[in-house]
Protein chains: 2
Amino acid sequence: MKSNEIKKAGLKYFTIHGYEGASLSQIAEEVGIKKQSIYAHFKGKDDLFLQVLRDAKEADLSSKLEYFSKIDSRNPEKDLYGFLQLVIDLFQKNEQLKFWLRMSFFPPAHLAEAIDKEVFDIEEKVQAILESKFQDWIDAKVIVEEVAKTPTLAFLGIVDSIMLELVYGNDEKRLKDKLEASWTVFWRGISHP
Amino acid sequence: MKSNEIKKAGLKYFTIHGYEGASLSQIAEEVGIKKQSIYAHFKGKDDLFLQVLRDAKEADLSSKLEYFSKIDSRNPEKDLYGFLQLVIDLFQKNEQLKFWLRMSFFPPAHLAEAIDKEVFDIEEKVQAILESKFQDWIDAKVIVEEVAKTPTLAFLGIVDSIMLELVYGNDEKRLKDKLEASWTVFWRGISHP
DNA sequence: CTAAATCTAACGAACGTTCGTTAGTTATAC
DNA sequence: GTATAACTAACGAACGTTCGTTAGATTTAG
C-alpha cells in the first residue's frame, strides 16, 4: 500500500522539521512520486498529519499497555526499570515516539486542540495504570509510601526526563548515566523508610 | 530601541510557531512596521533568530549563576528546592526559557550545529556548579551519597521534567503535584541512608 | 467472452498565496 | 545635512492545493 509509504515519509519529515518545516514535495520525493499524487491518498497536509499522529499514538499506547499486561506485579524494581528500558527501546526502534513527543509539546497551532485531546487521553490511561500498580505495591508493603500518586508522578517525571535525553543528542553514555542516576535516587526514595 | 521590540516579537513567534512557522511579516506586524524594515536592523531571519537565541541563553545562564552565587551552601534542601522554584519563575515570567527549551530540543535543521554549541556550553556550566555543590554537601555529610554525579544528574532530570510540565499545559495544579512528588522522592532518596 | 464502466494511481500545469530578500526612495532625528 | 530607519515596489522561489487527463487494472453487463 502506497499510503503507508507516504505516512512513513511524513512521519520522518514531520519529526525532523516539524509540521510547518516539512513540505509535501519533500515527502513525495522520498516516496518517489510528485506532491500532487499525495492527494489521491489524503485530503491534504492536515489529513496526512493527523493520520500519522493517530498511528503514532496507537503504537505508543499499545506498546505500553502490552508491557503492563505482561508484568507480574510482584517485583516493582524490575517492572519499573523495565518500563524505562521499554521507553528507550521504543524511542530508538521507531520514530513514532519521537514524533509523538515533539507534537505533544510543540503542536502546530491550528491543530493544537485536536492534538491535546489525544495526548490527554494517552497520558490519563498510562497514569491510571501506574497508579493502581503502585497502590498494589503499597498494599503489599513492597514500597514505602502513603499515597500512590506521589511515586506515580515522580516516576512519570523520570520517564519525561529520559525522553528528553533521548531527543537531545545521541550521547549514549550520558543517557546511561542519567538513567542510572535518576533510577538509583528514585528507587532509594520509594523503597527506604 | 526598535531592535529590541523586533527581538521581543521574534521571541514570541519563534516560541509559538518555531523557526519555520514564524514569519517576518507576522513579527513586523506585531511591532507595527513592514517586514522589509526588519532588514534595517538585522541581516535576515537567521540573524534575528540567532540574536534572540543568544539573548535567551545569556538571560537563562545569568539568572542561574546569580542564584547559585547567592545561596549559602549549608542548606541543600532549601537551596535545591529554591532552584526548582526559580526555574518555574523564569518560565512563567519571561518567554526566553520556553524559547530556549524548544530550540534546544527541536532546532531548525540548518542551525542545529550552532545551537547545539550554545546548549552544550550552558548545560556544562550548570552541571559543573551543581556537581561541586553536591560534593560540598557530601563532604559535610548533609546528604548521603558516594559520588556527586549521581544526585546531580538525578536533579537535572527533575529540572527537565518540570520544564516539560511547564511547556505542556498550564495545569497549575498538576505542575504543583508533580513538583511535590518528584521533590519528595528525590529528597528522601538522597538524604536517607 | 467480450465490451463497457469503474476504480486506482499517477501525472503536468497552473492556481493564488506567502515566503525571505533586495533595491530605490522618502521621512525622521540629531 | 548627514545618518538612520522607515517606506513602496518588486523579486524568484516555494508553499499547499485544484484541475483535467492518462494509463492500467478490476469489475460489471450483455
Side-chain angles (χ1 to χ4, degrees), chain A residues 1-56 95 99 102-103 106-115, chain B residues 1-56 95 99 102-103 106-115:
Chain A
M1 201 77 95
K2 235 358 184 303
S3 306
N4 289 333
E5 287 183 50
I6 297 172
K7 284 200 275 188
K8 200 170 166 184
L11 172 68
K12 174 177 171 182
Y13 286 107
F14 285 138
T15 304
I16 300 176
H17 298 115
Y19 177 89
E20 295 92 349
S23 76
L24 293 183
S25 45
Q26 210 174 20
I27 293 168
E29 199 180 11
E30 175 100 355
V31 185
I33 59 174
K34 300 289 167 182
K35 62 172 175 175
Q36 310 92 292
S37 307
I38 293 179
Y39 287 79
H41 304 269
F42 303 93
K43 285 187 195 169
K45 194 182 187 182
D46 282 8
D47 185 33
L48 170 60
F49 178 84
L50 288 173
Q51 290 204 33
V52 171
L53 182 84
R54 267 153 209 154
D55 285 358
E95 272 197 296
F99 168 88
R102 175 167 195 161
M103 296 314 157
F106 302 108
H110 74 291
L111 298 176
E113 212 170 328
I115 296 174
Chain B
M1 202 78 96
K2 239 346 184 317
S3 306
N4 288 333
E5 287 183 50
I6 297 172
K7 284 200 277 189
K8 201 170 165 184
L11 173 68
K12 174 177 171 181
Y13 285 107
F14 284 138
T15 304
I16 300 176
H17 297 115
Y19 177 89
E20 294 93 349
S23 74
L24 293 183
S25 46
Q26 212 173 18
I27 293 167
E29 198 181 12
E30 175 100 355
V31 185
I33 59 175
K34 301 287 169 183
K35 63 170 176 175
Q36 303 93 314
S37 306
I38 293 178
Y39 286 79
H41 303 269
F42 303 93
K43 286 187 196 169
K45 195 182 186 182
D46 282 8
D47 185 32
L48 170 60
F49 177 84
L50 288 173
Q51 289 203 33
V52 171
L53 182 84
R54 265 153 210 154
D55 285 359
E95 273 197 295
F99 169 87
R102 175 166 195 161
M103 296 314 157
F106 303 109
H110 73 291
L111 297 176
E113 211 170 329
I115 296 175

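Since the model is a prediction, treat every value here as computed from it, not as a measurement. The figures that follow rest on heavy atoms only: side chains count, while hydrogens, waters and symmetry mates do not.
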key: Any donor-acceptor N/O pair, B/K35 side chain to B/S23 backbone, under 3.5 Å   = no
**Asked** Without hydrogens or angle criteria, can the side chains of B/Y19 and B/D46 be said to hold a donor-acceptor pair below 3.5 Å?
**Response** yes
Here the pair of heavy atoms bringing B/V31 nearest to B/I6 is CG2-CA, 3.9 Å
Practice task
Select base, sugar-phosphate, or nothing to describe what A/A28 touches, counting heavy atoms under 4.0 Å on all strands.
Solution key: nothing
query: Within a strict 4.5 Å, meaning less than it, do heavy atoms of the B/D55 and B/L11 side chains meet?
result: no
Span of DNA chain C engaged by chain B, first through last nucleotide within the 4.0 Å heavy-atom cut-off, is C/dC19 to C/dT22
From the list B/F49, B/Y13, B/F106, ring-ring contact (aromatic ring centres under 6.0 Å, His included) partner of B/F99 resolves to B/F49
For B/L53 and B/M103, the nearest pair of non-hydrogen atoms, with its separation, is CD1-CB, 4.2 Å
Closest non-hydrogen atoms of A/A9 and A/E30, given as atom of the first, atom of the second and distance, are CB-CG, 3.7 Å
Pi-cation contact, A/F42 with A/K7 (under 6.0 Å, within 45°) = no
Expected list for residues 41-51 of chain A near DNA chain D, using heavy atoms below 4.0 Å, is A/G44, A/K45
Q. Is a side-chain N or O of B/K12 found less than 3.5 angstrom from the main chain of B/E95, in a donor-acceptor match?
A. no
Assert: residue with more 5' nearest nucleotide on DNA chain C, out of B/E20 and A/A40, is A/A40
Output for pair (B/E5 CD, B/H41 NE2), nearest 0.5 Å, gives 9.0 Å
Under a 4.0 Å heavy-atom cutoff, the residues of residues 30-39 of chain A touching DNA chain D are A/K35, A/Q36, A/Y39
